[in-house]
Amino acid sequence: RDARGDVNSHLLSLKDENGYQVGAGCDVHLYGNGSVYFAVDYTEVAVDATYFLYGRLWSTGTFPLDHIRYRLGAKVAF
């Protein structure tokens, strides 16, 4: 409920949340069974949003959710 006691006074409708992800990585052998892993991923997603206030269209827009992720790890194989 909002301050006026209304239920569902603010609604956000999200559509078209599809995107893609690409990435690459490699292992670098250190010693014995140990190695270090490095990877980079890029994700691109855009979400179309429609905002309703008290049942009336208030605003529309697109939210870009693009990001780049870097990963670094160590592993030991048994």
Side-chain angles (χ1 to χ4, degrees):
R1 295 186 183 274
D2 66 0
R4 296 184 346 184
D6 296 329
V7 177
N8 295 330
S9 56
H10 303 272
L11 296 175
L12 183 63
S13 175
L14 303 175
K15 295 181 182 174
D16 194 26
E17 58 277 340
N18 295 321
Y20 68 88
Q21 178 181 16
V22 295
C26 67
D27 284 341
V28 177
H29 179 73
L30 294 178
Y31 61 90
N33 296 334
S35 63
V36 174
Y37 175 76
F38 176 75
V40 177
D41 298 316
Y42 174 71
T43 303
E44 181 175 310
V45 179
V47 177
D48 296 331
T50 306
Y51 179 65
F52 295 92
L53 182 62
Y54 297 104
R56 289 179 281 172
L57 177 64
W58 185 262
S59 181
T60 61
T62 301
F63 296 101
L65 303 176
D66 306 345
H67 66 276
I68 297 174
R69 178 175 59 179
Y70 302 96
R71 294 182 285 158
L72 177 65
K75 66 180 182 178
V76 176
F78 296 99

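For this chain, numbers begin at 1 and follow the sequence in order.
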Could you give the distance from CZ (F52) to CG (L12), rounded to the nearest 0.5 Å?
->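 CG of L12 is found 9.5 Å from CZ of F52.
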Quick one: pull up CG in D66 and CD in E44 and give me the separation to the nearest 0.5 Å.
->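 One finds 4.5 Å between CG of D66 and CD of E44.
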Any side-chain donor paired with an acceptor under 3.5 Å for H67 and Y42?
-> no
Could you pull out the closest heavy-atom pair between T60 and T50, with the gap in Å?
->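 Looking at all heavy atoms of both residues, the closest pair is CG2-CG2, 3.9 Å.
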Full working for side chain to side chain contact (heavy atoms under 4.5 Å, CB included) between H10 and W58 | CA-CA 10 Å; H10 303 272; W58 185 262; over 6 Å; no
Contacts of D41 that satisfy salt bridge (charged side-chain N to carboxylate O under 4.0 Å, His left out) - sequence neighbours left out | R69, R71
In terms of hydrophobic clusters joined by side-chain contacts under 4.5 Å, are Y20 and V40 together?
-> yes
Side-chain donor-acceptor contacts of residues 28-38 below 3.5 Å, not counting sequence neighbours, with atom names and distances?
from, atom 1, to, atom 2, distance (Å)
N33, ND2, A77, O, 3.1

With a 4.5 Å heavy-atom cut-off, do V47 and K15 have their side chains touching?
->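 Answer no - side chains too far apart.
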